[in-house]
Number of protein chains: 2
Amino acid sequence: MDIKIVDVAARAGVSTATVSRVFNHSAGVTAKTKQRVMQAIEEMGYHPNATAKNLRSQKTLTIAVIVPDINVAYFTEIIKGIENMAYLKNYKLLICDAENQKSKELDYLNLLMNRTVDAAILIAPLLSDDEIRGISDQGYIVAVIGRYLEHKSIPCIYTDNIKFSLTVMRHLFACGHRDIVFLSGYAESMDSVERLEGYKQALQQQNLPYRPELIESGDFNELGGYDAINRLLGRGVTFSAVYAANDEMALGVYKACREHGLSIPEQVAVVGVDNNRISEYISPAMSTVNQPKYTMGIMLAEKLIDLMNDNEFADKRTFKVNSELLIRASSSFKREV
Amino acid sequence: MDIKIVDVAARAGVSTATVSRVFNHSAGVTAKTKQRVMQAIEEMGYHPNATAKNLRSQKTLTIAVIVPDINVAYFTEIIKGIENMAYLKNYKLLICDAENQKSKELDYLNLLMNRTVDAAILIAPLLSDDEIRGISDQGYIVAVIGRYLEHKSIPCIYTDNIKFSLTVMRHLFACGHRDIVFLSGYAESMDSVERLEGYKQALQQQNLPYRPELIESGDFNELGGYDAINRLLGRGVTFSAVYAANDEMALGVYKACREHGLSIPEQVAVVGVDNNRISEYISPAMSTVNQPKYTMGIMLAEKLIDLMNDNEFADKRTFKVNSELLIRASSSFKREV
DNA sequence: AACCATTATGTAATCGTTTACATTTTCTTT
DNA sequence: AAAGAAAATGTAAACGATTACATAATGGTT
């Protein structure tokens, strides 16, 4: 059904090689021939078959983006950055929603093995560092975003979870808080682990005990945050601040507090992470930790594509980006100590 | 570098045909041979090259999903549905963020022409109905979501914008509102056009005049809604209710109202569209129109894949799904008339 | 044991490009 | 105008799987 290169060649009265040369702007074609071929291409509406091209060139110009959950705004902002750079560099994006399941993540990695894609970008993966290194060592091109991973050939961009956790906690300490709830996301997620670690270190630096009863976890979504607070209150735990591992959960905290008549920030201070677009629009505006999500996507995609095209690399492959705590109304109330 | 079928064949001491048969569970292979081949496959870690397979089978098992903006939650919920069904049916998804530009949308459609994908799903496209029909008539497989489009071979799933606009307006009328602002998204978007049309019809049914000064537009995002309200107030327009074409803009309305000391819902009622997960978590909970986004994705993807595999079709290809107005606190205040 | 029917396996064409190499044409130079 | 260099074009072999068809092996029947 489709027009093939032989059809165009026949119509223009040349060989397929010449048509190919014209289409790919290769040198060594007479202006006259070129013109004739162009016309045939035009008239017949020829579109070179991408699969055949891929097979011959051993490239698909496609990148798999494996993400824990496409419904989380944090990830889509990163994806937007990746997509913009990919579009610019003529790459396509295969989107893989792992749905927070390691099995699905692994399954999607087969796209690398069977050469459906040239490379894979893992966003906040569930796979262990060693597993990821193993894939790279087998010769597959992978890049990681949102997790620190040292390896000679894995581009990686991340932010220091422990560091910003310390910043968040110091801010809460400065506001007079001592009983601070930490609301983790998926316990297996590295982000959760590291943010909790920062929470613990902060307590230690302040000579405060680590109290497991102040730790709860949700699923990185609104309902998870909401339920977590209800569980805490149900257990009779008292607290004056909540540090949630992301904004979605923090929003759930808002609702739960409202329902229990706890005013934010007077009775409960709330700090989230990720700086969702909505967090500055809600009331009270939510304090949160901002990461340059879009830029991270842009940077990583560019680095990865450069790597694939052998344009220099070795120099630098691991990038730490800064996060900044945005103090808004939800944590701006200073209490007496 | 990769292991090819010939390598496996050599190792197992059989022909490539036999290896292929074993791998694809074709009948007619001795248990003994099968076992030997399986072992070779196992030992060598053979993964059949997808590109070669695609070229031979003239299929890529890939669907392009063209979306106006990957950062809008409404779209990602639909995408999630599509992805879940695609995963189930062994299809891959190429994600295309058209960034609300028709040019980019058109560009991405080339993926159909060059057979990078077997089909394309257009979510709330900017292309005209005729343009979409034209693509289908050229023999390419397309499906549309979020827009009504009648065509013999285009699966389509949509909701009746005009109808739910009427419902929203009647609800606002019932609460005593007469000066109702309509906040449109991109003016070119069909959703905007139809929702506005419903707004107009509702006024007419109520014998109220259509007042252009009550119409503003944003870009379907928070800032757009925020700016729009500020423009209205700057112009000295008075109103008691805002019907925003989506929840993101409605959230911007929340912020603008707050800053101007207008309380929701007592002084201004707000209704959005899409039922973002956040809308029930903010305060006051936002009235909004719910669509079965996830299900729409699931249904359309299934229909499309069936179509591609020639499993019956003709019967039905256009689906209208119901939207329901969720009345929450943001529009639950009844004013005197 | 010879024959035929059945089943298992192998051979080679095919999918639609790109490109190394061979061949032909054009252009210089004398 | 002939010869040689340079440029344009063509031929055919890849890329790595699937599969129609040909062939070989097995099994059953007499």
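Just so we're on the same page: letters track the sequence lines, and every chain starts at 1.
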Aromatic contact between A:Phe23 and A:Tyr46, with the criterion being ring centroids under 6.0 Å apart: yes or no?
yes
Provide, to the nearest angstrom, the distance between the NZ atom belonging to A:Lys59 and the P atom belonging to D:dG16.
15 Å
Rounded off to whole Å, could you give me the CZ-to-C1' distance for the B:Arg36 and C:dA8 pair?
12 Å
Residue pair B:Glu77 / A:Asn71: nearest heavy atoms and the distance that separates them:
N-OD1, 3.4 Å
Any side-chain N or O of B:Lys4 under 4.0 Å from OP1/OP2 of D:dA17?
no
At less than 4.0 Å, is any side-chain N or O atom of B:Tyr46 found next to OP1 or OP2 of D:dA17? Yes or no.
yes
Is there a donor in the side chain of A:Glu43 and an acceptor in the side chain of A:Gln39, or the other way round, less than 3.5 Å apart?
yes
Does A:Lys104 qualify as a cation-pi partner of B:Tyr87, given the criterion of NZ or CZ under 6.0 Å from the six-membered ring centre and within 45 degrees of its axis?
yes
Given D:dA20, D:dA8, C:dT14, the nucleotide with the shortest approach to the side chain of B:Arg56:
C:dT14
Using a cut-off of less than 4.0 Å, is there contact between a side-chain N or O of A:Lys53 and OP1 or OP2 of C:dT18?
yes
Spacing of A:Asn54 atom CG relative to C:dG16 atom C1', expressed in whole Å
11 Å
Report which part of the nucleic acid A:Thr16 touches: base, sugar-phosphate, or nothing (heavy-atom distance under 4.0 Å, all strands).
base
Which of the following nucleotides, D:dT18, C:dT9, C:dT17, is nearest to the side chain of B:Ile5?
D:dT18
Per A:Leu55 side chain, nearest of listed nucleotides C:dG16, C:dG10, C:dA12:
C:dG16
Between A:Asp118 and A:Thr60: side-chain donor-acceptor atoms closer than 3.5 Å:
yes
The side chain of B:Thr33 is closest to which nucleotide in this list: C:dA8, D:dT19, D:dT9?
C:dA8
Which nucleotide in C:dT9, C:dT17, C:dC15 has an atom nearest any side-chain atom of B:Gln58
C:dC15
Base, sugar-phosphate or nothing for B:Asn24? Non-hydrogen atoms, less than 4.0 Å.
sugar-phosphate
Rounded to the Å, how far apart are B:Ile41 CD1 and D:dG16 P?
17 Å
Base C:dG10 to side chain B:Arg21, donor-acceptor N/O within 3.5 Å cut-off
yes
B:Thr51 vs D:dC15: side-chain N/O to OP1/OP2 distance below 4.0 Å
no
With no hydrogens and no angle check, do the side chains of B:Thr116 and B:Asn114 hold a donor and an acceptor under 3.5 Å apart?
yes
How long is the line joining CG of B:Asn114 and P of C:dT18, in whole Å?
12 Å
Residue whose nearest DNA chain C nucleotide is more 5′ - B:Gly13 or B:Ala52:
B:Gly13
Need one value for A:Val14: base, sugar-phosphate or nothing, where a base atom within 4.0 Å counts as base even if backbone is also close, heavy atoms only.
sugar-phosphate
Please classify the nucleic acid contact of B:Ser20 as base, sugar-phosphate, or nothing, using heavy-atom distances under 4.0 Å.
base
If you look at every strand shown and take non-hydrogen atoms under 4.0 Å, does A:Phe23 touch a base, only sugar-phosphate, or nothing?
nothing
